[in-house]
Structures are given as C-alpha cells and as structure tokens.
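The structure under discussion appears below in the form of structure tokens.
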Amino acid sequence: MTRRNRTEISRTIRSRASAKTIVAILFALIAGRYSTADAFPFSDFFTPANPQHLSLTLFASGIGAESKYAATHEGFQLEQTLNPYLGVVGRISGYQNYQGSGWDNPLTSHPGTRPRNFGVLMGGIDLLPFQGTSLTILGGRDVGDSDGARIEGDFSSWILLHSRHPINLSFTGDHFYNNGQSSGAIDIRIVMSSWREVTWLLGAGGQLWFNNSLPNLQKEFGPDLGLFFRKWNTSLDLQAGYGNTHGYATIAVTRHFDWDDL
C-alpha cells in the first residue's frame, strides 16, 4: 500500500468518524430535550404550523487576512414554515473575491489582478427539532466566475435557553464542487448581558478548510463579539484571530423581518 493510499484511507476514516460524532451529538440533544416530555416527540409533525411564519433575512459580511485573502458577501434569504418542525428556505447571494484563496472560496484559481464575482442560488429545508435549535440543509449552484454546484449545512442550538446566560453553538459546513474544497465555520458564544436596547455575546470561533491541493487542514481561530439590537432586529458580529492565513478579521451584519399568518 502506497503512502498516498494510506493517507486517503486515513482521511476517509476521520471524515466518517466526524460525521458519526455529529449525528450522535444531535441524537443526544434530541433525546435529552424529550426525555421528560409526556407527549410522543413530533406527534404533530403533519399538523400545519399555527401561525404560519414567513421570514426575510438580509446579510452582508467581509473578511480580510493580511495580504493573503480578501472577500465580501451579501444577499438575502426567505423562509416559510410548513409545520412546527419544518420550513422551506431559498437564498440568493453574491460574492466578491479580491485576493488569494480562503475558507469560503470555491474558485479553481487565485483571483490574481482582478476581483472575481459570482452569484449563488440555493434552496433547501430547515429542520426545527425543538425550541432554539435549527439545522438548515441547502443545495444549489454558483453562476459567474464560479459555476459549480455546492451544498451547505447550517446548525445552531441554544443551550440553557431560559437562563440568565444562554449559550449558542453554531456550525456551518460547505462543499464546493467547482474546486473540490470543503470548509466549515464554528462558533460558541454566551450571552453576557441583555439590556432593553442591545444583547451582548462573547465567545470564540474560527474556520477550517481543505482540498486536494493543500498539504494539510487549514485553520484559523479567534475571539468573537456579537451585538443584537432589539429595536431593529439586527445583529453585528465581529471576529479576529490568527491561522494559516496569518492575522485575519471578519465582520457580518444581518437584519431580520418576520410576518405571521401569511
């Protein structure tokens, strides 16, 4: 057996182990939430949501990593509930890659001397197994300077939701078929204080990415600061740290709109 074959087998084993670990954690969370419940879990799965709920999320973000990578990203997402545990999601977004390659880059080559621009059209479902937890599964395709298919999974769960300091764990995983790269972003944050006007969150997070052209797993991590402005239903998230791209910083803004009985 060649060294390359052993390396590929080792990567496959690690990937399967990671997937099994994530599934086990999800089942453990669901079992823990419903262990004391009297009703059978999801017994009202085929009951339409009451009230029906439509949401619109506008988002924009940017990342810079010294002289290695710079990109911006913006768009909107629509979600309509079907029942208490399921919603349908559509997302349209645009990317601008100005320099280099990074964790959220599906391009097959470096942008070089000009920005690379592409759009992303995605759709899928949002699973809501219990209060405060969401798993969104999306698939779609890039158009423009990137033209490959992609898949994405977004997981978010609040722990100790009704306590004074709830904890949020979130993870986003992507696979880009244009260049064969897989990436993920993970964050864990705690609500430090909640005022009438704003909620403050502190924590840590980072990004991981890998493809066959990279010698090993790339990573970057740093502290998080999150602000949620209640009046405008708007979030501002900041992160800075260090990794394979050296020093980096990210900023993201999201604005939510919600309508019931539509």
Side-chain angles (χ1 to χ4, degrees), residues 11 15 18-19 22 55-65 67-80 87-127 134-156 170-187 205-214 217-220 237 239 243-245 248-256:
R11 288 174 183 165
S15 178
S18 298
I22 293 173
S55 66
L56 168 66
T57 302
L58 307 178
F59 55 85
S61 65
I63 182 171
S67 60
K68 295 180 177 293
Y69 185 50
T72 52
H73 170 211
E74 66 287 320
F76 67 91
Q77 174 174 300
L78 283 168
E79 178 170 350
Q80 173 66 56
V88 291
V89 181
R91 183 188 299 170
I92 298 177
S93 53
Y95 283 77
Q96 300 79 42
N97 280 43
Y98 303 103
Q99 182 181 12
S101 60
W103 70 277
D104 59 349
N105 184 6
L107 299 175
T108 56
S109 61
H110 291 256
T113 58
R114 71 172 180 88
R116 299 291 181 91
N117 303 290
F118 55 94
V120 182
L121 309 175
M122 303 188 77
I125 59 173
D126 187 12
L127 303 175
S134 168
L135 174 61
T136 305
I137 303 171
L138 300 167
R141 192 171 186 88
D142 301 343
V143 292
D145 287 329
S146 174
D147 59 1
R150 65 164 64 194
I151 56 175
E152 178 177 325
D154 303 325
F155 174 77
S156 175
S170 63
F171 176 80
T172 295
D174 294 278
H175 181 74
F176 310 116
Y177 289 94
N178 202 47
N179 62 359
Q181 178 166 292
S182 296
S183 67
I186 186 169
D187 291 281
Q207 290 72 237
L208 306 167
W209 68 100
F210 180 81
N211 62 43
N212 292 331
S213 66
L214 297 171
L217 181 69
Q218 307 292 294
K219 48 194 175 295
E220 55 190 22
D237 298 294
Q239 184 182 111
N244 288 98
T245 55
Y248 76 95
T250 67
I251 182 172
V253 179
T254 58
R255 175 75 188 272
H256 301 277

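Position 1 is the first residue of the sequence, and the numbers go up from there. Note that this is a predicted model, so its numbers are computed, not measured.
Considering OG of S61 and OH of Y95, their distance stands at 7.0 Å, rounded to 0.5 Å. In this structure, CG in L78 is found 7.5 Å from OG in S55, a value given to the nearest 0.5 Å. The distance from atom NE2 of H175 to atom CZ of F210, rounded to the nearest 0.5 Å, is 11.5 Å. T250 contributes atom OG1, which lies 6.0 Å from atom CD1 of I63 (distance to the nearest 0.5 angstrom). With rounding to the nearest 0.5 Å, the separation of CZ in F155 from OG1 in T172 is 11.0 Å. Annotation: the span from S182 atom OG to W103 atom CH2 amounts to 13.0 Å, rounded to 0.5 Å.
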- Could you check W209 against D104 for side-chain contact (heavy atoms from CB on, under 4.5 Å), going step by step and ending with a plain yes or no? CA-CA 8 Å; W209 68 100; D104 59 349; over 6 Å; no
- For I186 and L208, run side-chain contact (heavy atoms from CB on, under 4.5 Å): C-alpha distance rounded to whole Å, both residues' side-chain angles, the deciding distance at 0.1 Å, then the answer. CA-CA 8 Å; I186 186 169; L208 306 167; 5.7 Å; no
- Please assess D142 against D147 for the test side-chain contact (heavy atoms from CB on, under 4.5 Å), listing each intermediate value before the final yes or no. CA-CA 5 Å; D142 301 343; D147 59 1; 5.6 Å; no
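Residues that satisfy the side-chain contact (heavy atoms from CB on, under 4.5 Å) test with V253, not counting sequence neighbours, are T234, L236.
Both tests do not hold together for R150 against F118: distance to the six-membered ring centre under 6.0 Å, angle to the ring axis within 45°.
Looking at E74, R116, H73 one by one, the single match for side-chain hydrogen bond (donor to acceptor under 3.5 Å, both in side chains) with Q96 turns out to be E74. Test Q207, E220, K219, Q218 against T245 for side-chain hydrogen bond (donor to acceptor under 3.5 Å, both in side chains) and you get one pass: E220.
Side-chain atoms of Q181 come within 3.5 Å of backbone N or O of G102 as a donor-acceptor pair. Looking at D126, its side chain never comes within 3.5 Å of a backbone N or O of G87 through a donor-acceptor pair.
Under the 3.5 Å distance criterion, with hydrogens and angles disregarded, no donor-acceptor pair is assigned to the side chains of N179 and T108. Side chains of T57 and Q77: a donor-acceptor N/O pair is absent below 3.5 angstrom, by distance only.
Among all heavy-atom pairs drawn from N97 and A71, the shortest one is OD1-CB, 3.9 Å. Considering all non-hydrogen atoms of both residues, Q239 and D187 come closest at NE2-OD1, 3.1 Å. The shortest heavy-atom contact between P115 and D145 is O-OD2, 4.3 Å.
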